[in-house]
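A quick note: this is a predicted structure, and the numbers were derived from the prediction, not measured.
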Amino acid sequence: MTARRMMREAVARRLVPGDRLASEPTLMSYFDVSRGSLRETLRVLSYLGAIDVRSGPGGGARIARPGPRVVGSALAIALQFRGTTLRGLLEARAVLEPVAARLVAQRGDTSDLAMLRACHDRLAASSTAAHRQRERLEFHRLLAAATGNDVLELVLTALAWMGDALDRTGPGPGDGSDEARGALLAAIGAGDAAGAAGHAATVLAATTGRLRDGAARALDERVLWPDVDELPDIEDRKDVATWT
């Protein structure tokens, strides 16, 4: 209850990520709760990615920005109990990613297209499986973000991230995905929404084709929350040098 009240208060006060919350005694008094209840509230909100709590000088609680990892972690534990498999994740992405590509082409944002092209160039130049996997995930994150739709951005990025947790085959440079991504970007640049949707489906088929070819066990592997939750952060990558 206190966590919900705190988030409603944050909206009412128009707090943004980075804004510091009041001191612990002030929050205890304002929300009329004990120290234990307040700290449990902060732990809940911290796990949900809504606040960031730091200790030491200059520390304290600040408003944060929940990202795809929070969505992916929560979704993974729900899907684990439903017995959802990698096949189910790929089927969902196959439906949603063409929709995202269509929206990106319709929006025609040149800055988004430039970031996608830069990522595509880094991906095509990557020679190691680790670099390709990171840049591939970044490409799908940028594509989802370029839709301008927060729901698609969070859900699609979370699904891509979860898929990588189960895909242990390693993306190779000869799977045809680089060519498919190039065609996708050309369609987006031309404002061809239908073409972009079709090429997005081809990109996904190329990057996951190796799973479908003689790897049925991987496709039928269940989603497990521990596998997903232990992956590195994917939140708002700003400095590509940290991964390349």
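- In this structure, Arg13 pairs ionically with Glu9, as a charged nitrogen and a carboxylate oxygen lie closer than 4.0 Å.
- At least one side-chain heavy atom of Val223 sits under 4.5 Å from a side-chain heavy atom of Leu89.
- Hydrophobic clustering of Ile, Leu, Val, Met, Phe, Trp and Tyr side chains at less than 4.5 Å, counting indirect connections, keeps Leu123 apart from Leu137.
- Ser37 is not listed as a side-chain neighbour of Phe31, based on a closest heavy-atom distance of 4.5 Å or more.
- In this structure, the side chains of Leu224 and Asp227 come closer than 4.5 Å at one or more pairs of heavy atoms.
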Tabulate below the donor-acceptor pairs under 3.5 Å that side-chain atoms of residues 197-206 make, not counting sequence neighbours, or state none.
residue: Thr202; atom: OG1; partner: Gly198; partner atom: O; Å: 3.1

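- For Arg54 (side chain) and Gly60 (main-chain N/O), no donor-acceptor pair under 3.5 Å exists by modelled atom type.
- Panel note: side chain Trp225, backbone Ser73; a donor-acceptor pair is recorded below 3.5 Å.
- Using a 4.0 Å cut-off between charged nitrogen and carboxylate oxygen, Asp112 and Arg107 count as a salt-bridge pair.
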* Is there a side-chain contact (heavy atoms from CB on, under 4.5 Å) between His140 and Leu156 once you walk through the steps? -> CA-CA 8 Å; His140 288 289; Leu156 274 174; over 6 Å; no
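- Separation of atoms CG (Asp109) and OG1 (Thr147) is listed at 11.0 Å; rounding is to 0.5 Å.
- Note that OG1 of Thr85 is 6.0 Å distant from CG of Asp220, once rounded to the nearest 0.5 Å.
- Heavy-atom neighbours of Arg4 CZ from other residues, nucleotides or ligands within 6.0 Å: at or below the threshold of 12.
- Counting only heavy atoms from C-beta outward, the side chains of Thr41 and Val33 never approach each other to under 4.5 Å.
- Put simply, the side chain of His120 does not reach to within 4.5 Å of the side chain of Glu135, judged on heavy atoms.
- Leu15 places a side-chain heavy atom less than 4.5 Å from the side chain of Leu21.
- Side-chain atoms of Arg132 and Thr128 form no donor-acceptor pair, as typed in the model, at a separation below 3.5 Å.
- Separation of atoms OG1 (Thr157) and CD (Glu138) is listed at 9.0 Å; rounding is to 0.5 Å.
- Under the side chain to side chain contact (heavy atoms under 4.5 Å, CB included) test applied with Met162, the options Leu86, Leu79, Thr84 reduce to a single match, Leu79.
- In this structure, the side chain of Arg222 engages the main chain of Gln80 through a donor-acceptor pair within 3.5 Å.
- In this structure, the side chains of His131 and Arg122 stay at 4.5 Å or more apart for every pair of heavy atoms.
- In this structure the side chain of Leu185 reaches within 4.5 angstrom of the side chain of Phe139, judged on heavy atoms.
- Here Arg134 contributes atom CZ and Cys119 contributes atom SG; the two are 13.0 Å apart, rounded to the nearest 0.5 Å.
- Here Asp32 contributes atom CG and Leu27 contributes atom CG; the two are 12.5 Å apart, rounded to the nearest 0.5 Å.
- Checking Ser29 against Thr26 by side-chain atom types alone, no donor-acceptor pair falls below 3.5 Å.
- A salt bridge does not link Glu221 to Arg87: none of the charged nitrogens lies less than 4.0 Å from a carboxylate oxygen.
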